[in-house]
Number of protein chains: 2
Amino acid sequence: MTIQKNNVKSISDKDFTLEEFKLILSSLSQRITEPRLDILGILKENHNPLTISEIHSKLKNKKTDLATVYRTINLFAELRVVNEIDFKDEFKRYELIYDRHHHHHIVCRKCKNVENVETCVLDDLENLLKKRVTVKLHIR
Amino acid sequence: MTIQKNNVKSISDKDFTLEEFKLILSSLSQRITEPRLDILGILKENHNPLTISEIHSKLKNKKTDLATVYRTINLFAELRVVNEIDFKDEFKRYELIYDRHHHHHIVCRKCKNVENVETCVLDDLENLLKKRVTVKLHIR
DNA sequence: ATGGATGCAAATGATTTGCATGAAG
DNA sequence: CTTCATGCAAATCATTTGCATCCAT
C-alpha cells in the first residue's frame, strides 16, 4: 500500500482484490453482486478451507441469507472457482482455487480444525527418487 | 459342505457363517437378534461396501425397519465390526472388517458403483524400492 | 423378570426449492 | 426493461430419537 501526499487515494490491497474478483465473475459471465464479492473475500482472507456455516457466520453483520451462501458456493464449485473438500465425518469445506497450489490438509481429531500442509509425501518421495537414493518405506 | 448318509444334518456353509456371527456378537456382549444376523449376512455375501439403503432394501422381505438398520450399523461401526467408508458426493458405505485385508476402492463416476481393488499403489512402490530399482514418478 | 432391541411415528438438521421482489446488465 | 440473484418460508431427504412393546438373557 502506497501513501500519497496529494489526496488522490491509492488503490489499497482490498480494492485490488475486489477488482480481481469482479474480473473473475465477469469473465465467467456471472453477475457481480455484493454477496458473491463478500464470499470471495472471506475465502481469500482465510487460508483454511471453510464450511458453509462458517462462511455464513462471517457474513452475519450483512443480512445475507444462508440459502444464498449455499447457492453461491454451489455455483462457484461448478465454475471451478472454489474447491470442494470432503473430510470424513465432517461438513464439506470450500477454498479458493485460482491462486492456490497443490497442498494437503491436516485435521484435528478433537476440535476438527483444519490446517493446510504445504508439503506432500509423494513430492518428497519424488525428490528422493530424483536423487537416486534408495529408501525403505514403512507404510501403515 | 459334507454330505452324510445317516440323516444327521451336516453343518452347511450358511450355518457355519451363522455360528461365526453369533460368536462375534456374544464375544462383544451384544444380544443375538435376527436383524443383526441378517445384516451381518448381507455384508458377508457382498464383496462391495454397501450403503444403508442398499442393506435395507436387501432386507425388504423381512420387516426390518430402516431405523434398525441405522442403529445396527452404527453399533457395528463403534464396535469395529464394520468399516465405514466415505466417498465424496456419496453416501457412507459399510463393509465387514473381521476377515478383510487392506484394500482400496474404485468408484464409477457415472453409476457410482463401487468395486474393491486388491492392489495398493504404495505397496507396489514399496516393492519396487525393495528391489532397489530407481524410478521416475510422474505425479498429478 | 428385566434390560435392551425393535417398529413406528415424529423430530431433527443440513440442504434445496418456489415464489415474489429487487438489483444488475 | 428483462433477466437473474436474493430473501424468506416451506419442502425435502437422510438420519436420529422417543416411546411402547417385545424378546434375549
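Just so we're on the same page: letters track the sequence lines, and every chain starts at 1.
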Trainee: Ignoring backbone atoms, test whether T33(B) places a side-chain nitrogen or oxygen under 4.0 Å from the OP1 or OP2 oxygen of dT6(C).
Mentor: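 Result: yes.
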Trainee: Quick check on DNA chain D: between P35(A) and Q30(B), whose nearest nucleotide comes earlier from the 5' end?
Mentor: P35(A)
Trainee: Measure CG/L66(A) against P/dT17(C) and give the value in whole Å, please.
Mentor: 14 Å
Trainee: 5'-most contact on DNA chain C: D65(B) or R31(B), nearest heavy atom basis?
Mentor: R31(B)
Trainee: Between P on dA14(D) and CD1 on I73(B), what's the gap in Å once rounded to a whole number?
Mentor: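 It works out to 17 Å between those atoms.
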Trainee: Using atom CG of L59(A) as one end and atom C1' of dT6(D) as the other, report the distance to the nearest whole Å.
Mentor: 13 Å
Trainee: Would the base of dG7(C) count as contacting R71(B) through its side chain, where contact means a donor and an acceptor less than 3.5 Å apart?
Mentor: yes
Trainee: Could you report the tightest heavy-atom contact between E54(A) and P49(A), atom names first, then the distance?
Mentor: OE1-O, 4.2 Å
Trainee: Nearest nucleotide by nearest heavy atom, which residue falls closer to the 5' end of DNA chain C, A67(B) or S29(B)?
Mentor: S29(B)
Trainee: Just checking S53(B): base, sugar-phosphate only, or nothing, at a heavy-atom cut-off of under 4.0 Å?
Mentor: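 Touches nothing.
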Trainee: Let me confirm one number: the CD1-CG distance from I73(B) to L50(B), rounded to the nearest 0.5 Å.
Mentor: 8.5 Å
Trainee: Is it true that E20(A) and K44(A) have a side-chain N and a carboxylate O under 4.0 angstrom from each other?
Mentor: yes
Trainee: Whole-Å distance between dA5(C) C1' and K63(B) NZ?
Mentor: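 Answer to the nearest Å: 13 Å.
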Trainee: Taking CZ from R36(B) and P from dC22(D), how many angstroms apart are they, rounded to a whole number?
Mentor: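 Atom-to-atom, R36(B) to dC22(D), this comes out as 19 Å.
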Trainee: Please report the shortest heavy-atom distance between K62(A) and E34(A), naming the atom on each side.
Mentor: NZ-OE2, 3.4 Å
Trainee: Among T51(B), N46(B), V69(B), I52(B), find the residue that satisfies the side-chain contact (heavy atoms from CB on, under 4.5 Å) test when tested with Y94(B).
Mentor: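 Exactly one pass, corresponding to I52(B).
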Trainee: How close or far is atom P of dC13(D) from atom NE2 of H56(B), stated in whole angstroms?
Mentor: 17 Å
Trainee: Nearest-Å distance, CG (N74(B)) to C1' (dA14(D))?
Mentor: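 Atom-to-atom, N74(B) to dA14(D), this comes out as 12 Å.
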Trainee: Measure the distance from CG on L79(B) to C1' on dG4(C) and round it to the nearest whole Å.
Mentor: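 After rounding, the gap between these two atoms is 14 Å.
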